[in-house]
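Quick notes on the structure that follows.
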Amino acid sequence: MAQKPSIPKGTRDFSPSEVAKRNFIIQSIKEQFEKFGFQPIETPSFENSETLMGKYGEEGDRLIFKILNSGDFLRKVDEQAYKGKDSLKITSSISEKALRYDLTVPFARYVVQHRNELEFPFKRYQIQPVWRADRPQKGRFREFFQCDADVVGSDSLWQEVEFVQLYDAVFTSLGLEGVTIKMNNRKVLSGFAEVIGESDKLIDFTVALDKLDKIGEEGVEKEMGEKGISSEAIQKIRKVFGLKGTFSEKIEVLKGILATSEIGTKGIEELEFINSAINELGLSTANLDLDVTLARGLNYYTGAIFEVSAPKGVAMGSIGGGGRYDDLTGIFGMSGVSGVGISFGLDRIYLVLEELNLFPETVARNIKALFINFGNKESLYCLKAIKELRSAGVAAELYPEEAKMKKQMNHANKREIPFVILAGAEEIENKKFTLKNMKSGEQQAVSLENLISILEK
RNA sequence: GUGGUUGUAGCUCAGCUGGUUAGAGCGCUGGAUUGUGGUUCCAGAGGUCGCCGGUUCGAACCCGGUCUUCCACCCCA
C-alpha cells in the first residue's frame with residue numbers, strides 16, 4: 001500500500017456504532033428542545049469574515065479558520081502590507097470567508113438579517129459543526145458539534161428558569177444523573193469590581209477569578225496583583241473566594257458584600273428569582289449551584305451565566321454553557337434585543353456517557369435476520385420472504401454470495417444478527433423456513449406467517 | 001501561539017548499549033468440517049519501524065526537521 005491516507009489534526013472519522021451513539025444524544029436533545037418550543041434553523045458552514053472577526057476577542061480571531069480566496073488572490077494584496085510581512089493585513093485581503101466558530105454569532109446575524117420575517121420572542125435551536133484552529137486535547141477538537149438553544153426578544157427571567165429546566169430535562173433523558181448546573185451573573189461580577197474600586201479592570205478581574213478552582217486562592221491573588229489590581233482591593237474580595245453553603249446561604253452573604261453596588265444587587269436579585277423558582281418547580285436529576293467564580297470567556301454575556309459540569313468523579317471540562325447577552329444583535333446594528341441561550345457539548349457528553357457506560361445497548365440499528373444463500377433458486381425464494389418481512393417492518397437481508405455456510409454464519413455472528421434463516425431445497429418443497437436463533441443455537445421450521453410474527457416482536 | 005510527550009503488523013504492545021532475515025497476543029485468510037457460527041487443532045498472509053534528511057562500516061534505536069497523538073499553559077464545548 002502506498003502512503004496511508006490521513007485526516008487533519010483534531011478531526012475524526014465516525015464508525016457506524018459511534019454515529020449511532022451520537023445520534024442517540026442528538027435525538028434526545030432535539031426531542032427536549034422541541035418540547036420546550038424551540039424550532040430548528042441551519043446556517044452556512046462559512047460566513048463572511050467580517051461577520052465573525054472581532055466577535056470573540058483577539059484570541060478568538062486567531063482560532064478562526066480562514067478560507068483562502070479563489071483566483072489570483074496575491075495580485076490584490078496591499079503592496080505595503082506584503083513587503084512588511086503584516087500577516088493581519090494580508091489575511092484580510094486574501095481571505096474574505098471563514099468557517100463558523102460557534103453558532104451564536106451566526107444566529108445573531110440570522111436574526112438581524114431576517115428580523116422582519118421573525119415572530120418575537122424567537123426561539124430557535126441549531127445543531128451543527130463548528131471549527132476552531134485550536135490545539136487538540138481530550139474532549140477538544142478542531143471540528144466539533146454544538147447544540148444550541150436560544151431565545152431572542154424577551155427580557156423575562158422566566159427564560160432563564162426554563163433553560164435550567166431544559167438542561168435538567170436533557171441530561172435526565174440521557175440518563176446522565178447528578179450533573180451540576182452552575183450559575184452566576186455578570187452583574188454580580190461587575191458589582192464585585194465596583195465594590196473594590198476596580199471597575200475598569202473587570203475583564204482581568206473575572207478571568208483571574210474564574211481560575212479559582214484550578215490555581216487556588218493564592219494563584220488568583222497573584223494573578224490579580226500582576227494585572228494591576230491593588231492589594232486593598234484583593235483584600236476586600238477575599239471572602240468571596242471561600243464562599244460556601246447552599247445557594248440561598250451564598251446569596252445572603254453576597255447581599256452584604258454587594259450592598260453598596262446597585263448593579264451587584266440587581267444581579268443578586270436575578271439569581272434569587274431564578275433559584276426560588278427552581279426550588280418551587282423542582283429538578284429531576286440535576287443540581288443547581290451558585291458559583292460566583294464562573295466567568296466564561298465570552299465577553300458578550302450581560303446577565304445570567306451558565307455552565308454545566310459532569311457528575312462528580314468524571315474528569316471532563318464543562319459539558320454545556322450559556323447565558324444572557326442583552327445586546328448580541330447590537331454588533332450587527334440591531335440594538336435593544338435581549339437574548340439568552342445555552343449550548344450542549346455533544347462530543348464531551350459522548351465521552352462522559354461512554355465513560356459511565358450509559359449508552360443503551362439498543363442504540364445501534366441492526367437487521368433482525370440474515371438469510372443464508374444457497375444459490376439463485378433458493379435466493380429468489382428467500383427474497384420473496386424478505387420482501388414480506390420488510391413490509392411488515394422487519395429489517396432483514398440475504399447474504400449476497402453463495403459462500404460456504406461457515407463463512408455466512410460467521411458473518412451473522414460478527415454483525416451480531418440475532419437470527420439466521422436457512423431455506424434450501426427441502427424448505428422450498430415444504431414451503432417452510434428454518435429459523436435459527438444465533439444466541440441459543442435453537443432452530444425450528446416455520447411457515448412464512450410464523451416467521452413474520454416471530455421476528456416482528 | 002508557548003512548553004513537553006507519542007508514533008513498530010488491522011488492533012494492543014515487546015524489541016537489550018546501534019550489530020545478520022524486526023517479534024508476541026488478538027484479529028484476518030485457508031484447512032480439519034461440501035446444510036450449521038461461537039470452542040479446539042493445523043497452516044498461511046500481513047511491516048519502507050510516521051515521513052524527510054544527517055551521523056555511522058552498520059540505524060526501529062543516535063541527531064535535526066516535519067507531520068501526528070496525548071498533556072500542561074493560553075483559551076474554550
Side-chain angles (χ1 to χ4, degrees), chain A residues 1-12 15 25 29 56-64 87 100-104 127-148 203 207-208 210-211 214-215 219 223 294-299 306-310 315-323 341-352 370-375 378 399 402-428 433-443 445:
Chain A
M1 192 164 53
Q3 178 72 32
K4 267 185 204 167
S6 62
I7 54 175
K9 188 202 298 203
T11 64
R12 296 151 299 159
S15 67
I25 299 174
I29 293 176
Y56 309 99
E58 216 174 296
E59 192 65 26
D61 282 359
R62 203 194 79 211
L63 298 176
I64 291 173
S87 300
R100 72 169 161 247
Y101 178 88
D102 70 358
L103 300 178
T104 309
I127 300 177
Q128 290 190 277
V130 303
W131 295 269
R132 296 186 187 178
D134 207 356
R135 283 265 187 104
Q137 261 177 51
K138 186 181 182 183
R140 290 177 74 162
F141 307 96
R142 298 183 118 183
E143 177 184 62
F144 62 96
F145 271 72
Q146 283 192 335
C147 313
D148 279 24
I203 300 288
V207 167
D210 191 41
K211 293 178 187 165
K214 213 168 192 176
I215 60 179
E223 180 161 336
L294 190 64
R296 302 186 52 77
L298 296 179
N299 311 322
F306 298 111
E307 185 169 296
V308 182
S309 53
M316 182 62 65
S318 70
I319 54 177
I342 60 172
S343 180
F344 291 81
L346 171 63
D347 300 278
R348 288 189 177 180
I349 292 170
Y350 181 101
L351 292 170
V352 171
L370 179 75
F371 283 71
I372 298 295
N373 190 322
F374 288 109
E378 292 85 350
Y399 192 86
E402 189 185 341
K404 285 196 177 127
M405 173 79 70
K406 177 177 169 135
K407 193 174 165 74
Q408 300 195 41
M409 295 294 272
N410 228 327
H411 181 74
N413 243 358
K414 297 258 171 59
R415 285 179 58 189
E416 297 181 316
I417 298 167
F419 292 97
V420 159
I421 294 160
L422 301 94
E426 198 178 319
E427 283 89 351
I428 294 178
F433 296 86
T434 298
L435 176 67
K436 181 181 172 87
N437 181 321
M438 289 300 276
K439 212 165 196 174
S440 64
E442 288 165 18
Q443 57 187 60

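Chain A is the first sequence line, chain B the second, and so forth, proteins listed ahead of strands; every chain is numbered from 1. Computation of the quantities below employed the complete heavy-atom set of this structure, encompassing side-chain atoms and omitting hydrogens, waters and symmetry-equivalent molecules.
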How close or far is atom [atom2] of [N] from atom [atom1] of [X], stated in whole angstroms?
| X | N | atom1 | atom2 | answer |
| --- | --- | --- | --- | --- |
| A:Arg140 | B:U69 | CZ | P | 14 Å |
| A:His411 | B:G38 | NE2 | P | 16 Å |
| A:Gln408 | B:G38 | CD | C1' | 17 Å |
| A:Asp134 | B:C73 | CG | C1' | 12 Å |
| A:Ile64 | B:C74 | CD1 | P | 21 Å |
| A:Glu59 | B:A77 | CD | P | 13 Å |
| A:Asn437 | B:G38 | CG | C1' | 13 Å |
| A:Gln128 | B:A77 | CD | P | 17 Å |

When rounded to the nearest Å, what value does the distance between [atom1] atoms of [N] and [M] take?
| N | M | atom1 | value |
| --- | --- | --- | --- |
| B:A14 | B:A9 | P | 12 Å |
| B:C71 | B:G7 | C1' | 16 Å |
| B:G25 | B:G44 | P | 13 Å |
| B:U34 | B:C11 | C1' | 34 Å |
| B:U12 | B:C76 | P | 34 Å |
| B:G50 | B:G27 | P | 26 Å |
| B:G15 | B:U8 | C1' | 9 Å |
| B:A60 | B:G18 | C1' | 10 Å |

Closest to side chain of [X], choosing from [options]:
| X | options | value |
| --- | --- | --- |
| A:Arg62 | B:U68, B:G38, B:C74 | B:C74 |
| A:Pro136 | B:C73, B:A77, B:C70 | B:C70 |
| A:Lys9 | B:U69, B:U29, B:C73 | B:U69 |
| A:Leu63 | B:C75, B:G37, B:C73 | B:C75 |
| A:Asn413 | B:G38, B:C73, B:A77 | B:G38 |

So what does [X] hit on the nucleic acid, given a heavy-atom distance under 4.0 Å: a base, only sugar-phosphate, or nothing?
| X | value |
| --- | --- |
| A:Phe141 | base |
| A:Gly441 | base |
| A:Gly10 | sugar-phosphate |

Using the side chain to side chain donor-acceptor pair (under 3.5 Å) criterion, which residues pair with [X]? Sequence neighbours excluded.
| X | result |
| --- | --- |
| A:Gln137 | none |
| A:Asp61 | none |
| A:Ser309 | none |
| A:Lys211 | A:Glu223 |

Contact nearer the 5' end of RNA chain B, comparing A:Gly60 with A:Lys407 = A:Lys407
When A:Ser343 and A:Glu442 are each assigned the nearest nucleotide of RNA chain B, the 5'-most assignment goes to A:Glu442
Dot-bracket, RNA chain B: Watson-Crick or G-U, under 3.5 angstrom, [ ] crossing, | other strand?
-> ((((..(..((((.....[...)))).(((((.......))))).....(((((..]....))))))..))))....
Indicate the ring-plane relationship of A:Tyr101 and A:Tyr56, choosing parallel, tilted or perpendicular according to the 30° and 60° boundaries.
-> tilted
Just checking, is any N or O donor in the side chain of A:Thr434 or A:Gln443 under 3.5 Å from an acceptor N or O on the other one?
-> no
Please tabulate, one pair per line, each protein N/O and nucleotide N/O from nucleotides 3-5 of chain B that are separated by under 3.5 Å, including the distance.
unit_1	atom_1	unit_2	atom_2	d
B:G3	O6	A:Arg135	NH1	3.0

What side-chain donor-acceptor pairs closer than 3.5 Å can you find for residues 411-424 of chain A, not counting sequence neighbours?
unit_1	atom_1	unit_2	atom_2	d
A:His411	NE2	A:Arg415	NH1	3.3
A:Arg415	NH1	A:Glu397	OE2	2.8
A:Arg415	NH2	A:Glu397	OE1	3.4

With A:Arg135, which residues qualify under side chain to side chain contact (heavy atoms under 4.5 Å, CB included), at least two apart?
-> none
Side chain to side chain contact (heavy atoms under 4.5 Å, CB included) filter on A:Glu59, not counting sequence neighbours, yields A:Arg62
Salt bridge (Lys or Arg N to Asp or Glu O under 4.0 Å) filter on A:Arg140, not counting sequence neighbours, yields A:Asp134
Verify the stacking flag for A:Phe144 against B:A77: centroid separation must be under 5.5 angstrom and the ring planes must differ by under 30 degrees.
-> yes
Might you list the N or O atoms of the protein lying below 3.5 Å from N or O atoms in nucleotides 10-13 of chain B, with each pair's distance?
unit_1	atom_1	unit_2	atom_2	d
B:G10	OP2	A:Lys4	NZ	3.4

Tabulated below should be each protein N or O lying under 3.5 Å from an N or O of nucleotides 31-36 of chain B; please produce it.
unit_1	atom_1	unit_2	atom_2	d
B:G31	OP1	A:Lys404	NZ	2.2
B:G31	OP2	A:Lys404	NZ	3.3
B:G35	O6	A:Glu427	OE1	3.3
B:G35	N1	A:Glu427	OE1	3.1
B:G35	N1	A:Glu427	OE2	3.2
B:G35	N2	A:Glu427	OE2	3.0
B:U36	O2	A:Lys436	NZ	3.0
B:U36	O2	A:Gln443	OE1	3.3
B:U36	N3	A:Gln443	OE1	2.9
B:U36	N3	A:Gln443	NE2	3.3
B:U36	O4	A:Gln443	NE2	2.9

With a 4.5 Å limit on heavy-atom distance, are the side chains of A:Arg142 and A:Trp131 in contact?
-> no
For B:G37, does either OP1 or OP2 sit under 4.0 Å from a side-chain N or O belonging to A:Lys439?
-> no
Phosphate-side-chain proximity, A:Lys211 and B:C73, N/O vs OP1/OP2 below 4.0 Å | no
